[in-house]
Amino acid sequence: MGLKFFNTLTRSVQEFAPLDPAGKKVGMYCCGPTVHDFAHIGNFRTFVFADLVRRYLEFKGCAVQHVMNITDVEDKIIKRTREAGVSCKEYTAKYEAEFFKDFDALACKRPHHTPRATEHVAEIMLLIEKLIARGVAYKTADGSVYFSIEKYRGCGCQYGQLVKLNFDEMRPGERVSSDEYEKESVADFALWKARVPEDGDVFWPSPWGEGRPGWHIECSAMSMKILGPSFDLHLGGEDLIFPHHEDEIAQSEGATGKPFVKYWLHGAHLMVEGKKMSKSLGNFFTLRDLLAKGYTGREIRYLLLTAHYRESFNFTLEGLASSRVSLARLDECLAKLRECAGTINAAPDVALFEKFSTALDDDLNVSAAWGTMFEWVRETNRLLVEKKLSPQQAASALTAWQKIDSVFGIGGKAEAEAPTEIVALLEQREAARKARDFKHADALRDELKAKSWVIEDTPKGPRLKKI
Ligand code: AMP
Ligand code: ZN
């Protein structure tokens, strides 16, 4: 299909060929939020990136099954739940709802499945049992279960597919119970964590005693339940490469003996003054922080979509301000095109369309794609000024933009932002009505209609709507 992605698994840019022999169905999993607090816009850089991948695959004609898990049980959540004195469910439900509000405000398409870890404990336990039966996981005296890297490698499987690891320092059987650890401390990792007093009532009965799942196993269990043992695409932020994604591969391939994921795509971090935006560094903005400053979801989405996903990108408020300027230029051009095209419908402008897809086919080169768009804006403005654009050409350009925007998801400005000339006509009509000059008012209404705008009388007064 001409589309290429950088695959972390092969460390190279590869042609994307779905597992589906017909080349149509695509299974895509993106690690979702841990719902212990409001997500910050660094987190959303990753979700907007996943949204771009999905939308572009759909643009290319693929039928995408998009899955994003909700991590609603883990160390931080349990700690916060205890501090807040509420149930785990009550606590996570609030942040999950807030997460989706932000997700929608950034115009990310809702995934087809958003499984919660706490609702898949049975599947997780079955997967752990399978790993024990295959001899690559073992129970410890406290009732936890660990994945054995030594046994897994002993079966001819490779641990260290996404990252290079040094096993010389590794001592067999050494264990790490925490979900996040460095490459240097590679060790057997927890699949099931035995209940401890601090867990309160967050536990499930299991064949190994009361406890709860580790973080990594939930993604293996839920992705394979929905997408099958082998699927096309797995996405996440680059911080998840190790240990989370490496452990997902080990758990999944250890249980099924089949290759887990064909293409691994990782988004680079959103930075603030050279440091990763993160809760722990305190250098973060949530979406609501930025909305409160008067920015819109659309401006933030645009900013996040201006940088290539594999480049770390510095977030600044100045960057957001210049996003506003760029979008205004685009909106103005689109409004003028609408005016010129009137009610004509036309097939998309092929040249514009092709330049856009050539850019995105190249490992989602959004910078080149936006470059093309703004060059087009400049050229269109010139043609409009010189009155060299026919209504047919304007309509064709607009149809191309609509298709392109099915990928960018920026949308046009709402109808309220009608061109000044149209707003002036509306004001004249209101003045005529007040003066009880109904003949003139009707003539102005007709004039607006001829320019493809209708007036809707609402309780808040008249509103312009594009036909
Ligand atoms: P979490 O809710 O912490 O599990 O993270 C959700 C997603 O956000 C993961 O895919 C992380 O890799 C990603 N993420 C976290 N911080 C950043 C950041 N500063 N920039 C981009 N992605 C991030
Ligand atoms: Zn995951």
Side-chain angles (χ1 to χ4, degrees), residues 8 28-53 66-77 80 92 95-96 98-100 102-103 106 108 111 113-117 120 124 127 162 179-180 189 191 213-227 231 233-252 260-261 264-287 300 303-305 307-316:
T8 314
M28 161 175 155
Y29 186 92
C30 179
C31 291
T34 305
V35 283
H36 69 283
D37 204 339
F38 296 112
H40 56 66
I41 55 155
N43 300 127
F44 279 111
R45 179 181 189 196
T46 295
F47 300 122
V48 168
F49 152 58
D51 184 61
L52 175 72
V53 173
H66 177 190
V67 184
M68 180 186 73
N69 67 306
I70 305 288
T71 299
D72 60 351
V73 56
E74 55 86 72
D75 302 349
K76 286 189 288 269
I77 293 178
R80 297 280 185 97
T92 56
Y95 288 108
E96 184 186 313
E98 297 299 335
F99 171 81
F100 279 114
D102 293 354
F103 197 82
L106 288 169
C108 292
H113 304 268
T114 49
R116 297 187 186 101
H120 289 81
I124 290 171
L127 189 58
L162 297 172
D179 286 327
E180 289 170 74
F189 56 90
L191 301 171
W215 172 38
H216 317 302
I217 194 78
E218 70 172 84
C219 284
S220 288
M222 295 191 281
S223 63
M224 291 199 292
K225 179 189 174 194
I226 300 167
L227 298 172
F231 56 93
L233 284 162
H234 196 313
L235 283 71
E238 61 185 350
D239 54 321
L240 300 190
I241 297 176
F242 190 88
H244 187 54
H245 289 163
E246 193 63 52
D247 289 351
E248 275 191 47
I249 296 177
Q251 295 159 154
S252 309
F260 179 43
V261 169
W264 285 88
L265 269 57
H266 291 100
H269 285 146
L270 188 65
M271 316 289 279
V272 181
E273 286 165 9
K275 293 206 172 76
K276 174 190 168 189
M277 181 179 284
S278 71
K279 280 271 149 69
S280 54
L281 292 175
N283 60 351
F284 63 92
F285 287 99
T286 62
L287 185 75
I300 298 158
L303 180 67
L304 295 176
L305 281 177
H308 188 266
Y309 75 93
R310 284 195 288 123
E311 275 168 18
S312 56
F313 175 60
N314 214 41
F315 174 81
T316 58

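Start at 1 and go down the list; that is how both ligands and their atoms are numbered. We count residues from 1, following the sequence as given.
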Asks: Rounded to the nearest 0.5 Å, how far does CG of Leu235 lie from CE of Met28?
Replies: 5.0 Å
Asks: In Å, rounded to the nearest 0.5 Å, how long is the span from OG1 of Thr92 to CD1 of Ile77?
Replies: 6.0 Å
Asks: In this structure, is the centre-to-centre distance between the rings of Phe99 and Phe44 below 6.0 Å?
Replies: yes
Asks: With rounding to the nearest 0.5 angstrom, report the CG to CD distance, Asn283 to Glu273.
Replies: 8.5 Å
Asks: Short N or O contacts of ligand 1 with protein, under 3.5 Å, listed by atom name?
Replies:
{"unit_1": "ligand 1", "atom_1": "2 (O)", "unit_2": "Thr34", "atom_2": "N", "d": "2.9"}
{"unit_1": "ligand 1", "atom_1": "4 (O)", "unit_2": "Thr34", "atom_2": "OG1", "d": "3.0"}
{"unit_1": "ligand 1", "atom_1": "5 (O)", "unit_2": "Asn43", "atom_2": "ND2", "d": "3.4"}
{"unit_1": "ligand 1", "atom_1": "8 (O)", "unit_2": "Asn43", "atom_2": "ND2", "d": "3.1"}
{"unit_1": "ligand 1", "atom_1": "10 (O)", "unit_2": "Gly237", "atom_2": "N", "d": "3.1"}
{"unit_1": "ligand 1", "atom_1": "12 (O)", "unit_2": "Gly237", "atom_2": "N", "d": "3.3"}
{"unit_1": "ligand 1", "atom_1": "12 (O)", "unit_2": "Asp239", "atom_2": "OD1", "d": "2.4"}
{"unit_1": "ligand 1", "atom_1": "12 (O)", "unit_2": "Asp239", "atom_2": "OD2", "d": "3.4"}
{"unit_1": "ligand 1", "atom_1": "19 (N)", "unit_2": "Leu270", "atom_2": "O", "d": "3.1"}
{"unit_1": "ligand 1", "atom_1": "19 (N)", "unit_2": "Met277", "atom_2": "O", "d": "2.8"}
{"unit_1": "ligand 1", "atom_1": "20 (N)", "unit_2": "Gly42", "atom_2": "O", "d": "3.3"}
{"unit_1": "ligand 1", "atom_1": "20 (N)", "unit_2": "Leu270", "atom_2": "N", "d": "2.8"}
{"unit_1": "ligand 1", "atom_1": "22 (N)", "unit_2": "Gly42", "atom_2": "O", "d": "3.0"}
{"unit_1": "ligand 1", "atom_1": "22 (N)", "unit_2": "Thr46", "atom_2": "OG1", "d": "2.7"}

Asks: About how many Å separate OG of Ser278 and NE2 of His269, when rounded to the nearest 0.5 Å?
Replies: 9.0 Å
Asks: How about Glu218 and Asn69: does a side-chain donor come under 3.5 Å of a side-chain acceptor?
Replies: yes
Asks: Which angle, to the nearest 10 degrees, do you find at the Zn ion (ligand 2) between SG in Cys31 and NE2 in His244?
Replies: 120°
